Amino acid sequence: MQGELNNQLKIEKTTSPRVKPDYDKLGFGIHLTDHMFTMDFESGKGWHDAKIVPYGPIPMDPAAKVFHYGQTIFEGMKAYTGPDGSIRLFRPEKNFERFNRSCRRMNIPEVDAAFVLEALKELVRIDREWVPAEPGMSLYIRPFVIATEPQLGATPSLSYKMMIILSPVGAYYEEGLNPVRIHVETRDVRAVVGGVGEAKTAGNYAASMQAQENAHAAGYSQVLWLDGVHRRYVEEVGSMNVFFRIGDKVVTPALSGSILQGITRDSVIHLLRDLDIEVEERPITIDELCGYAEDGTLLEAFGTGTAAVISPIGEIGWNGRSYSIGGGQTGEWTQRLYDELTSLQRGDSEDRFGWTQTIVGAEAARG
Ligand code: COI
(Lines give C-alpha, C1' and ligand atoms only; values in the text may rest on other atoms or scores of the structure.)
Protein backbone atom coordinates (compact mmCIF):
# COMPACT_ATOMS: atom_id res chain seq x y z
CA MET A 1 0.00 0.00 0.00
CA GLN A 2 2.89 2.40 0.77
CA GLY A 3 4.26 1.99 -2.80
CA GLU A 4 0.80 2.56 -4.26
CA LEU A 5 0.37 5.57 -1.99
CA ASN A 6 3.65 7.09 -3.16
CA ASN A 7 2.58 6.67 -6.78
CA GLN A 8 -0.96 7.96 -6.38
CA LEU A 9 -0.69 10.66 -3.72
CA LYS A 10 0.97 14.00 -4.50
CA ILE A 11 2.16 16.00 -1.51
CA GLU A 12 2.73 19.75 -1.40
CA LYS A 13 3.72 21.07 2.00
CA THR A 14 2.90 24.55 3.22
CA THR A 15 5.60 27.23 3.24
CA SER A 16 3.66 29.36 5.74
CA PRO A 17 2.55 27.20 8.71
CA ARG A 18 -0.43 28.52 10.66
CA VAL A 19 -0.11 29.83 14.21
CA LYS A 20 -1.22 27.10 16.64
CA PRO A 21 -4.12 27.96 18.95
CA ASP A 22 -4.07 28.10 22.73
CA TYR A 23 -4.67 24.41 23.53
CA ASP A 24 -6.36 25.34 26.83
CA LYS A 25 -9.19 27.00 24.92
CA LEU A 26 -9.63 24.71 21.93
CA GLY A 27 -13.40 24.31 21.76
CA PHE A 28 -14.59 22.06 18.94
CA GLY A 29 -13.80 22.39 15.23
CA ILE A 30 -12.71 26.02 15.40
CA HIS A 31 -9.05 25.66 14.43
CA LEU A 32 -7.91 23.87 11.27
CA THR A 33 -4.44 22.46 10.67
CA ASP A 34 -1.83 23.23 7.98
CA HIS A 35 -2.80 20.62 5.38
CA MET A 36 -5.80 18.88 3.82
CA PHE A 37 -6.41 15.93 1.50
CA THR A 38 -8.37 16.34 -1.72
CA MET A 39 -9.38 13.92 -4.47
CA ASP A 40 -11.69 14.41 -7.46
CA PHE A 41 -14.19 12.24 -9.28
CA GLU A 42 -15.43 12.60 -12.82
CA SER A 43 -17.80 10.28 -14.59
CA GLY A 44 -15.78 8.08 -16.99
CA LYS A 45 -12.53 8.84 -15.17
CA GLY A 46 -13.30 7.69 -11.62
CA TRP A 47 -11.56 9.01 -8.50
CA HIS A 48 -8.25 10.68 -9.38
CA ASP A 49 -5.81 13.46 -8.51
CA ALA A 50 -5.36 12.53 -4.84
CA LYS A 51 -3.19 15.06 -3.07
CA ILE A 52 -2.25 16.58 0.25
CA VAL A 53 -1.96 20.35 -0.06
CA PRO A 54 -1.79 23.41 2.23
CA TYR A 55 -5.15 24.02 3.96
CA GLY A 56 -7.26 26.70 2.32
CA PRO A 57 -10.51 27.63 0.57
CA ILE A 58 -11.57 25.83 -2.61
CA PRO A 59 -13.16 27.47 -5.67
CA MET A 60 -16.79 26.34 -6.12
CA ASP A 61 -19.31 26.98 -8.86
CA PRO A 62 -22.56 28.46 -7.40
CA ALA A 63 -24.49 25.86 -9.43
CA ALA A 64 -22.64 22.92 -7.79
CA LYS A 65 -25.26 20.32 -6.90
CA VAL A 66 -24.25 20.09 -3.25
CA PHE A 67 -25.56 23.63 -2.68
CA HIS A 68 -28.99 22.86 -4.13
CA TYR A 69 -29.72 19.20 -3.52
CA GLY A 70 -27.48 18.36 -0.57
CA GLN A 71 -25.70 15.44 -2.23
CA THR A 72 -22.95 15.11 0.35
CA ILE A 73 -21.75 12.78 3.10
CA PHE A 74 -19.17 12.97 5.88
CA GLU A 75 -17.43 11.05 8.65
CA GLY A 76 -16.06 11.98 12.05
CA MET A 77 -13.04 10.26 13.57
CA LYS A 78 -10.14 11.16 15.86
CA ALA A 79 -6.36 10.76 16.35
CA TYR A 80 -5.07 10.53 19.94
CA THR A 81 -1.66 11.10 21.50
CA GLY A 82 -0.66 8.41 23.98
CA PRO A 83 1.36 8.87 27.18
CA ASP A 84 4.58 7.97 25.29
CA GLY A 85 3.90 10.54 22.55
CA SER A 86 2.77 7.97 19.94
CA ILE A 87 -0.30 8.80 17.84
CA ARG A 88 -3.21 6.39 17.24
CA LEU A 89 -6.42 6.11 15.27
CA PHE A 90 -9.42 4.30 16.76
CA ARG A 91 -11.21 1.73 14.54
CA PRO A 92 -10.67 3.91 11.42
CA GLU A 93 -11.63 1.08 9.05
CA LYS A 94 -15.15 1.20 10.55
CA ASN A 95 -15.44 4.88 9.61
CA PHE A 96 -14.51 4.21 6.01
CA GLU A 97 -16.92 1.26 5.84
CA ARG A 98 -19.66 3.64 6.99
CA PHE A 99 -18.35 6.36 4.65
CA ASN A 100 -18.96 4.06 1.69
CA ARG A 101 -22.38 2.97 3.05
CA SER A 102 -23.35 6.65 3.25
CA CYS A 103 -22.01 7.15 -0.30
CA ARG A 104 -24.19 4.31 -1.58
CA ARG A 105 -27.31 5.76 0.08
CA MET A 106 -26.68 9.21 -1.40
CA ASN A 107 -25.76 7.85 -4.85
CA ILE A 108 -22.18 9.07 -4.53
CA PRO A 109 -19.40 6.89 -6.03
CA GLU A 110 -17.61 4.86 -3.34
CA VAL A 111 -13.94 5.44 -2.59
CA ASP A 112 -11.11 2.92 -2.23
CA ALA A 113 -11.34 2.69 1.57
CA ALA A 114 -7.85 1.20 2.04
CA PHE A 115 -6.26 3.92 -0.10
CA VAL A 116 -8.00 6.88 1.58
CA LEU A 117 -7.18 5.46 5.01
CA GLU A 118 -3.48 5.34 4.08
CA ALA A 119 -3.74 8.90 2.69
CA LEU A 120 -5.38 10.00 5.93
CA LYS A 121 -2.56 8.46 7.97
CA GLU A 122 -0.05 10.37 5.84
CA LEU A 123 -2.00 13.61 6.37
CA VAL A 124 -2.02 13.13 10.16
CA ARG A 125 1.70 12.30 10.10
CA ILE A 126 2.40 15.55 8.21
CA ASP A 127 0.30 17.57 10.69
CA ARG A 128 1.30 15.50 13.73
CA GLU A 129 2.45 18.57 15.68
CA TRP A 130 -1.21 19.59 15.79
CA VAL A 131 -2.38 16.46 17.63
CA PRO A 132 -3.03 17.58 21.22
CA ALA A 133 -1.26 15.57 23.93
CA GLU A 134 -3.53 16.31 26.90
CA PRO A 135 -6.19 13.78 28.01
CA GLY A 136 -9.63 14.98 26.90
CA MET A 137 -8.20 16.51 23.72
CA SER A 138 -7.64 14.95 20.29
CA LEU A 139 -7.32 15.69 16.59
CA TYR A 140 -10.78 15.55 15.02
CA ILE A 141 -10.72 14.20 11.46
CA ARG A 142 -13.47 15.15 9.03
CA PRO A 143 -13.52 13.24 5.71
CA PHE A 144 -16.35 14.32 3.38
CA VAL A 145 -17.59 14.27 -0.21
CA ILE A 146 -19.51 16.99 -2.05
CA ALA A 147 -21.28 16.92 -5.42
CA THR A 148 -19.54 19.50 -7.60
CA GLU A 149 -21.24 19.28 -10.98
CA PRO A 150 -22.41 22.81 -11.93
CA GLN A 151 -25.89 21.95 -13.20
CA LEU A 152 -29.31 22.70 -11.69
CA GLY A 153 -31.13 19.50 -12.71
CA ALA A 154 -32.11 17.39 -9.67
CA THR A 155 -30.13 14.38 -10.90
CA PRO A 156 -27.01 12.70 -9.45
CA SER A 157 -23.89 14.77 -9.95
CA LEU A 158 -21.33 13.61 -12.52
CA SER A 159 -18.43 15.07 -10.52
CA TYR A 160 -17.46 15.04 -6.84
CA LYS A 161 -14.71 16.21 -4.51
CA MET A 162 -13.57 14.26 -1.47
CA MET A 163 -11.62 16.10 1.21
CA ILE A 164 -10.19 15.41 4.66
CA ILE A 165 -9.65 18.30 7.06
CA LEU A 166 -8.26 18.17 10.60
CA SER A 167 -9.01 20.16 13.75
CA PRO A 168 -7.45 19.92 17.23
CA VAL A 169 -10.40 19.70 19.65
CA GLY A 170 -11.39 19.64 23.31
CA ALA A 171 -14.84 18.65 24.62
CA TYR A 172 -17.72 18.80 22.11
CA TYR A 173 -20.27 20.02 24.65
CA GLU A 174 -19.59 22.88 27.05
CA GLU A 175 -20.73 20.61 29.89
CA GLY A 176 -17.81 18.18 29.27
CA LEU A 177 -18.50 15.15 31.50
CA ASN A 178 -21.17 17.01 33.49
CA PRO A 179 -24.70 15.69 32.89
CA VAL A 180 -26.87 17.47 30.33
CA ARG A 181 -30.63 18.10 30.39
CA ILE A 182 -32.40 16.73 27.32
CA HIS A 183 -35.76 17.63 25.83
CA VAL A 184 -37.97 15.05 24.11
CA GLU A 185 -38.94 16.47 20.70
CA THR A 186 -42.61 15.79 20.00
CA ARG A 187 -43.18 17.90 16.83
CA ASP A 188 -40.20 17.37 14.49
CA VAL A 189 -38.67 14.02 13.56
CA ARG A 190 -35.06 13.40 12.63
CA ALA A 191 -35.50 10.45 10.27
CA VAL A 192 -37.78 7.63 9.18
CA VAL A 193 -37.00 4.06 8.11
CA GLY A 194 -36.26 4.13 4.38
CA GLY A 195 -35.04 7.73 4.61
CA VAL A 196 -31.43 8.77 5.17
CA GLY A 197 -31.20 8.58 8.98
CA GLU A 198 -28.56 5.84 8.81
CA ALA A 199 -26.36 7.88 6.46
CA LYS A 200 -24.00 10.57 7.71
CA THR A 201 -25.37 13.22 5.44
CA ALA A 202 -25.75 16.95 6.00
CA GLY A 203 -29.57 17.07 5.73
CA ASN A 204 -30.03 14.97 8.89
CA TYR A 205 -28.15 17.60 10.86
CA ALA A 206 -29.78 20.61 9.15
CA ALA A 207 -33.22 19.11 9.86
CA SER A 208 -32.42 18.84 13.57
CA MET A 209 -31.31 22.43 14.12
CA GLN A 210 -34.67 24.08 14.73
CA ALA A 211 -35.61 21.56 17.43
CA GLN A 212 -32.15 21.99 18.90
CA GLU A 213 -32.66 25.77 19.10
CA ASN A 214 -36.12 25.32 20.65
CA ALA A 215 -34.66 22.96 23.24
CA HIS A 216 -31.96 25.52 24.07
CA ALA A 217 -34.57 28.26 24.44
CA ALA A 218 -36.42 26.02 26.92
CA GLY A 219 -33.23 25.56 28.97
CA TYR A 220 -32.18 22.12 27.65
CA SER A 221 -28.83 21.25 26.03
CA GLN A 222 -29.94 18.45 23.72
CA VAL A 223 -32.90 16.95 21.90
CA LEU A 224 -34.06 13.36 22.44
CA TRP A 225 -35.51 12.14 19.13
CA LEU A 226 -38.47 9.79 18.85
CA ASP A 227 -39.23 7.60 15.83
CA GLY A 228 -41.04 9.29 12.95
CA VAL A 229 -43.95 6.82 12.61
CA HIS A 230 -45.30 6.00 16.08
CA ARG A 231 -43.67 9.01 17.76
CA ARG A 232 -43.05 6.78 20.78
CA TYR A 233 -39.79 4.91 20.30
CA VAL A 234 -36.58 6.55 21.49
CA GLU A 235 -34.00 6.90 18.68
CA GLU A 236 -31.03 9.20 19.33
CA VAL A 237 -30.01 12.16 21.44
CA GLY A 238 -28.48 15.26 19.83
CA SER A 239 -25.98 13.84 17.37
CA MET A 240 -25.31 10.77 19.52
CA ASN A 241 -26.62 7.27 20.14
CA VAL A 242 -28.23 6.82 23.54
CA PHE A 243 -27.94 4.27 26.37
CA PHE A 244 -29.96 3.75 29.57
CA ARG A 245 -28.96 1.83 32.67
CA ILE A 246 -32.14 0.23 33.93
CA GLY A 247 -31.48 -1.70 37.13
CA ASP A 248 -28.52 -3.99 36.47
CA LYS A 249 -28.70 -3.99 32.68
CA VAL A 250 -28.22 -1.47 29.88
CA VAL A 251 -30.74 -0.79 27.13
CA THR A 252 -30.01 0.99 23.85
CA PRO A 253 -32.41 1.46 20.92
CA ALA A 254 -31.94 -1.29 18.31
CA LEU A 255 -30.60 -0.16 14.93
CA SER A 256 -33.97 0.33 13.30
CA GLY A 257 -32.88 1.70 9.92
CA SER A 258 -33.36 5.34 10.94
CA ILE A 259 -30.62 5.45 13.60
CA LEU A 260 -26.97 6.15 12.88
CA GLN A 261 -24.81 3.03 13.26
CA GLY A 262 -22.43 4.63 15.74
CA ILE A 263 -18.89 3.27 16.08
CA THR A 264 -18.71 4.55 19.66
CA ARG A 265 -22.11 2.85 20.21
CA ASP A 266 -20.66 -0.45 19.00
CA SER A 267 -17.50 0.01 21.12
CA VAL A 268 -19.55 0.74 24.26
CA ILE A 269 -21.68 -2.39 23.71
CA HIS A 270 -18.45 -4.44 23.46
CA LEU A 271 -17.04 -2.81 26.62
CA LEU A 272 -20.24 -3.44 28.60
CA ARG A 273 -20.37 -7.10 27.56
CA ASP A 274 -16.67 -7.43 28.40
CA LEU A 275 -17.57 -6.17 31.89
CA ASP A 276 -20.27 -8.91 32.05
CA ILE A 277 -23.02 -6.31 31.95
CA GLU A 278 -26.14 -7.35 30.05
CA VAL A 279 -26.94 -5.10 27.08
CA GLU A 280 -30.31 -5.16 25.35
CA GLU A 281 -30.53 -3.63 21.86
CA ARG A 282 -34.27 -3.25 21.50
CA PRO A 283 -37.05 -0.76 20.83
CA ILE A 284 -37.84 1.29 23.95
CA THR A 285 -40.72 3.75 24.19
CA ILE A 286 -40.58 7.11 25.92
CA ASP A 287 -43.47 6.01 28.20
CA GLU A 288 -41.51 2.93 29.31
CA LEU A 289 -38.40 5.03 29.90
CA CYS A 290 -40.15 7.72 31.94
CA GLY A 291 -41.89 4.96 33.91
CA TYR A 292 -38.43 3.68 34.93
CA ALA A 293 -37.42 7.23 35.87
CA GLU A 294 -40.53 7.46 38.10
CA ASP A 295 -40.08 4.10 39.82
CA GLY A 296 -36.35 4.75 40.37
CA THR A 297 -34.98 1.97 38.13
CA LEU A 298 -33.58 4.35 35.48
CA LEU A 299 -30.24 4.78 37.18
CA GLU A 300 -28.08 6.30 34.40
CA ALA A 301 -28.34 7.61 30.86
CA PHE A 302 -25.69 8.76 28.39
CA GLY A 303 -25.11 9.58 24.76
CA THR A 304 -22.21 8.22 22.68
CA GLY A 305 -20.49 9.65 19.61
CA THR A 306 -17.03 10.29 18.19
CA ALA A 307 -17.18 14.02 18.82
CA ALA A 308 -18.97 13.85 22.18
CA VAL A 309 -17.31 10.57 23.37
CA ILE A 310 -19.68 9.76 26.29
CA SER A 311 -22.03 12.45 27.49
CA PRO A 312 -24.03 11.82 30.69
CA ILE A 313 -27.72 12.76 30.81
CA GLY A 314 -29.08 14.03 34.12
CA GLU A 315 -32.66 14.94 33.24
CA ILE A 316 -35.34 14.32 30.61
CA GLY A 317 -38.05 16.88 29.85
CA TRP A 318 -41.17 15.42 28.21
CA ASN A 319 -44.64 16.89 27.73
CA GLY A 320 -44.10 19.60 30.32
CA ARG A 321 -42.74 17.22 32.97
CA SER A 322 -39.21 16.73 34.18
CA TYR A 323 -37.68 13.33 34.99
CA SER A 324 -34.44 13.30 36.96
CA ILE A 325 -31.89 10.53 36.28
CA GLY A 326 -29.40 9.40 38.89
CA GLY A 327 -29.97 12.55 40.94
CA GLY A 328 -28.58 14.60 38.03
CA GLN A 329 -25.08 13.22 38.66
CA THR A 330 -22.71 11.34 36.33
CA GLY A 331 -23.40 7.65 36.96
CA GLU A 332 -20.80 5.10 38.05
CA TRP A 333 -21.11 2.99 34.88
CA THR A 334 -21.06 6.08 32.66
CA GLN A 335 -17.83 7.26 34.26
CA ARG A 336 -16.34 3.75 34.06
CA LEU A 337 -17.15 3.50 30.35
CA TYR A 338 -15.73 6.95 29.68
CA ASP A 339 -12.50 6.00 31.47
CA GLU A 340 -12.24 2.59 29.74
CA LEU A 341 -12.94 3.99 26.27
CA THR A 342 -10.65 7.02 26.49
CA SER A 343 -7.78 5.01 27.94
CA LEU A 344 -8.07 2.50 25.07
CA GLN A 345 -8.18 5.35 22.55
CA ARG A 346 -5.09 7.05 23.99
CA GLY A 347 -3.19 3.80 24.45
CA ASP A 348 -3.16 4.11 28.27
CA SER A 349 -4.49 0.57 28.56
CA GLU A 350 -3.73 -2.59 26.61
CA ASP A 351 -5.62 -2.74 23.30
CA ARG A 352 -7.37 -6.06 24.07
CA PHE A 353 -9.85 -5.63 21.22
CA GLY A 354 -7.29 -4.71 18.53
CA TRP A 355 -9.10 -1.41 17.94
CA THR A 356 -6.23 1.04 17.59
CA GLN A 357 -3.75 1.66 14.78
CA THR A 358 -0.51 3.41 15.71
CA ILE A 359 0.46 5.85 12.97
CA VAL A 360 3.36 7.66 14.66
CA GLY A 361 5.43 5.49 17.00
CA ALA A 362 6.91 6.75 20.26
CA GLU A 363 10.42 6.80 18.72
CA ALA A 364 9.30 8.87 15.72
CA ALA A 365 7.36 11.20 18.01
CA ARG A 366 10.52 11.88 20.01
CA GLY A 367 12.68 12.29 16.89
C1 COI B 1 -19.25 12.94 15.29
O2 COI B 1 -19.57 12.55 16.42
O3 COI B 1 -18.12 12.76 14.83
C4 COI B 1 -20.20 13.63 14.43
O5 COI B 1 -20.06 13.53 13.25
C6 COI B 1 -21.26 14.48 15.01
C7 COI B 1 -21.07 15.90 14.58
C8 COI B 1 -22.32 16.65 14.85
C9 COI B 1 -19.91 16.56 15.23
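Quantities reported herein were computed from a predicted structural model and do not represent experimental measurements. In listed order, ligands and their atoms are each counted from 1.
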Any salt bridge linking Arg190 with Glu236? Criterion: basic side-chain nitrogen under 4.0 Å from a carboxylate oxygen.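 Yes, Arg190 and Glu236 are salt-bridged.
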
Tell me whether Asp34 is salt-bridged to Lys13, with the criterion being a basic N under 4.0 Å from an acidic carboxylate O. no

Who passes salt bridge (Lys or Arg N to Asp or Glu O under 4.0 Å) against Asp348, sequence neighbours left out?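 Salt bridge (Lys or Arg N to Asp or Glu O under 4.0 Å) check on Asp348 returns Arg346.
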
As a test of reading the model: which N/O atoms of the protein lie under 3.5 Å from N/O atoms of ligand 1, and at what distance?
from	atom 1	to	atom 2	distance (Å)
ligand 1	2 (O)	Thr306	N	3.3
ligand 1	2 (O)	Ala307	N	2.9
ligand 1	3 (O)	Tyr140	OH	2.6
ligand 1	5 (O)	Tyr140	OH	3.3
ligand 1	5 (O)	Lys200	NZ	2.8

Report the relative orientation of the aromatic rings in His270 and Trp355; use parallel for angles under 30°, tilted for 30 to 60°, perpendicular for over 60°.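 Answer is perpendicular, since the angle exceeds 60°.
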
Residues in side chain to side chain contact (heavy atoms under 4.5 Å, CB included) contact with Ala171, at least two apart in sequence or another chain: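 Checked Ala171 against side chain to side chain contact (heavy atoms under 4.5 Å, CB included); zero matches.
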
Could you name each residue pair satisfying side chain to side chain donor-acceptor pair (under 3.5 Å) that touches residues 155-167, not counting sequence neighbours?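 Checked against side chain to side chain donor-acceptor pair (under 3.5 Å) - neighbours excluded - the pairs reaching residues 155-167 are Asp40-Lys161, Lys65-Thr155, Gln71-Tyr160, Thr148-Ser159.
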
